[in-house]
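In what follows, chains are A, B, ... by sequence order, proteins preceding strands, each numbered from 1.
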There are 2 protein chains.
Amino acid sequence: MAQSHKFALRRRTIYRTNETSNSVAIICDGWACAYIPLPDGNRQILSFLLAGDITSAAAVFQDRSEISIEAVTDVHYCMINKADLRTALGSDRKVFDEFSAMWVRRKEEVEKLATDLGHRTAEARIARLVLGLLERLGERNLVHDLRFAFPLRLQHIADAAGLTVVHVSRIIGDMRRRGVIEMEGRFLTILDQHELMNISS
Amino acid sequence: MAQSHKFALRRRTIYRTNETSNSVAIICDGWACAYIPLPDGNRQILSFLLAGDITSAAAVFQDRSEISIEAVTDVHYCMINKADLRTALGSDRKVFDEFSAMWVRRKEEVEKLATDLGHRTAEARIARLVLGLLERLGERNLVHDLRFAFPLRLQHIADAAGLTVVHVSRIIGDMRRRGVIEMEGRFLTILDQHELMNISS
DNA sequence: CGCGCCGTTGAGGCTCCTCAACCCGGGTGG
DNA sequence: CCACCCGGGTTGAGGAGCCTCAACGGCGCG
């Protein structure tokens, strides 16, 4: 399958909304995020992409996408030709099954995100974001003693949770002071998982 | 393909979260809604389902789903066997293409919903809900002079927009008094489309 | 040294929620 | 027949949650 490796510095955009492209990116190393830009300059981050994640499953079936992709850390990624991927989906049963499983999972995550944004408090949204990352990083064996690399800036959390940086700062400050989580040196430690799950409501 | 026709009275639930089922429903007549129930008794409505819509595309690939389906009006629907549908997807190129196109569209709608819930005001969310229905009903030729059947109760709007009934009532009251929309007899008329689009920001 | 990025904190205000009361229309049962 | 209830919509008063604006401090880098 035709593919090429690429690299992006942190904060660079990998794909811009409505650009046409005949290939999709798969993250090889680092973190990226997928978001919808808003007319007022804000954005809604829909998901954080980790190693192995495809940037947008929907993009395989269309040549443009509403979604933008930006590097959160420095990122290595890999471009795969969409047409090749589509034919592989048709011919290889295993590829198809994996792809559809991934697609289902991503859809469920967006649906949960919508639910959080519509009905939960700032505190709960942030707690759920952290717990979601804990789970996904755990599957990749990147968590040790409830501690994991956490390159997100407050701005990322704010954009993902539909909040302002100021308010995220207050909430996280609270959580720290209450001994629920700890953040230093771009690492996050969950000190009180039970309480964090309570907060996530 | 094995299928059976069914009927549900309005306000009845057609599928309850995490029930196992080997078939998916397609709406034949009437309106339904797909939602995620919340522990506190609230819910987030993710989409309104019209004639021709499949209740949940993801459900085709799993035997249980996080999502519940409820009839908004009295509804005729049709159960299709999931395994049959999956084999049809593998063997029939046209079925596959239509299915994936539908899936892409539904995913985009949820992503836009998340964006609205995260970053837009109550007024804008409601305006976008109305405009989204205008578009979908328009494709089905169910709109005449910006007027269409509108069976939603305030509670549905509230659950979809992440608001309370009380606040939805105020916002819609405002819109009515300002001559933007009109609602009577379960019909909605858009009186000032330009202003409605402004409001939707 | 200066500047940009990042996080923190305070004061004040708007949006939306909560609680509560009330109205209307359509059953349903005495 | 009326009494009553239930689903649905409206309105008011007060308050919580989150935002805006603003200022400040630390850190890394040209």
Side-chain angles (χ1 to χ4, degrees), chain A residues 9-12 31 33 38 40-44 70-74 116-127 129 150-178 181-188 199 201, chain B residues 9-13 31 33 38 40-44 70-74 116-127 129 150-178 181-188 199-201:
Chain A
L9 287 170
R10 115 191 167 80
R11 295 168 42 89
R12 292 288 158 77
W31 293 37
C33 64
L38 287 158
D40 64 2
N42 273 112
R43 62 181 181 175
Q44 175 64 49
E70 184 178 299
V72 170
T73 62
D74 293 350
D116 292 347
L117 294 174
H119 290 276
R120 293 193 218 265
T121 63
E123 221 184 17
R125 291 182 217 175
I126 293 173
L129 175 58
F150 193 81
L152 302 184
R153 307 300 162 127
L154 294 195
Q155 187 66 61
H156 291 117
I157 301 174
D159 291 344
L163 300 167
T164 57
V165 182
V166 174
H167 202 235
V168 171
S169 172
R170 287 191 226 275
I171 300 283
I172 291 196
D174 278 2
M175 285 184 176
R176 242 197 312 244
R177 266 167 249 127
R178 285 159 50 193
I181 60 173
E182 187 180 279
M183 286 172 64
E184 30 60 54
R186 303 292 140 208
F187 270 77
L188 188 150
I199 290 171
S201 110
Chain B
L9 287 170
R10 111 191 172 81
R11 293 168 44 88
R12 292 287 158 79
T13 111
W31 292 38
C33 65
L38 287 158
D40 64 2
N42 272 111
R43 60 180 183 177
Q44 175 63 49
E70 184 179 299
V72 170
T73 63
D74 293 349
D116 292 347
L117 294 175
H119 290 277
R120 292 192 219 265
T121 64
E123 221 183 20
R125 291 182 217 175
I126 293 173
L129 175 59
F150 192 81
L152 302 184
R153 306 300 160 130
L154 295 195
Q155 187 66 60
H156 291 117
I157 301 174
D159 291 343
L163 301 167
T164 57
V165 182
V166 175
H167 202 235
V168 170
S169 173
R170 286 191 228 275
I171 301 283
I172 292 196
D174 277 2
M175 286 185 175
R176 241 197 313 243
R177 266 167 249 125
R178 284 158 52 193
I181 60 172
E182 187 179 280
M183 286 172 64
E184 30 58 58
R186 304 290 139 207
F187 270 76
L188 188 151
I199 290 171
S200 80
S201 107

Whole-Å gap separating [atom2] ([N]) and [atom1] ([X]):
{"X": "A:Ile171", "N": "D:dG17", "atom1": "CD1", "atom2": "C1'", "answer": "9 Å"}
{"X": "B:Arg10", "N": "C:dG27", "atom1": "CZ", "atom2": "P", "answer": "11 Å"}
{"X": "B:Ile126", "N": "D:dG9", "atom1": "CD1", "atom2": "P", "answer": "13 Å"}
{"X": "A:Asp174", "N": "C:dT9", "atom1": "CG", "atom2": "P", "answer": "9 Å"}
{"X": "A:Met175", "N": "C:dG7", "atom1": "CE", "atom2": "P", "answer": "16 Å"}
{"X": "B:Arg186", "N": "D:dG7", "atom1": "CZ", "atom2": "C1'", "answer": "11 Å"}
{"X": "A:Glu123", "N": "D:dA16", "atom1": "CD", "atom2": "C1'", "answer": "13 Å"}
{"X": "A:Leu188", "N": "C:dG7", "atom1": "CG", "atom2": "P", "answer": "13 Å"}

Side chain to side chain contact (heavy atoms under 4.5 Å, CB included) assessment of B:Ile172 paired with B:Glu123: CA-CA 8 Å; B:Ile172 292 196; B:Glu123 221 183 20; over 6 Å; no
Of all the choices, [options], which nucleotide is nearest to the side chain of [X] once you look at every atom?
{"X": "A:Arg177", "options": "D:dG9, C:dT9, C:dC19", "result": "C:dT9"}
{"X": "B:Arg153", "options": "C:dT8, D:dG9, C:dT9", "result": "D:dG9"}
{"X": "A:Thr121", "options": "C:dC17, C:dA20, D:dC18", "result": "D:dC18"}
{"X": "B:His167", "options": "D:dG9, C:dC17, D:dC19", "result": "C:dC17"}
{"X": "B:Arg176", "options": "D:dA22, D:dC18, D:dT10", "result": "D:dT10"}

Looking at B:Arg11, does any N or O in its side chain come under 4.0 Å of the phosphate oxygens OP1/OP2 on D:dG8? yes
Before you tell me yes or no, could you show the steps for B:Asp74 and B:Arg10 under salt bridge (Lys or Arg N to Asp or Glu O under 4.0 Å), namely the whole-Å CA-CA distance, both residues' side-chain angles and the distance that decides it to 0.1 Å? CA-CA 4 Å; B:Asp74 293 349; B:Arg10 111 191 172 81; 5.9 Å; no
Electrostatic pair B:Arg43-B:Asp159, nearest N-O below 4.0 angstrom: yes
Please step through side chain to side chain contact (heavy atoms under 4.5 Å, CB included) for the pair B:Glu182 and B:Leu188, ending with a clear verdict. CA-CA 6 Å; B:Glu182 187 179 280; B:Leu188 188 151; over 6 Å; no
May I ask you to verify whether the side chain of B:Arg170 and the base of D:dG12 hold a donor-acceptor pair under 3.5 Å?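 Looking at the base of D:dG12, it does pair with a donor or acceptor on the side chain of B:Arg170 (distance under 3.5 Å).
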Pick base, sugar-phosphate or nothing for A:Arg120, based on heavy-atom distances below 4.0 Å to the nucleic acid. nothing
Counting the atoms with a prime plus P, OP1 and OP2 as sugar-phosphate, which does B:Arg125 contact under 4.0 Å by heavy atoms, base, sugar-phosphate, or nothing?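 The answer is nothing, as B:Arg125 stays clear of every strand by at least 4.0 Å.
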Can a donor-acceptor pair be found, under 3.5 Å and without considering hydrogens, that links the side chain of A:Ser201 to the backbone of A:Ala124? no
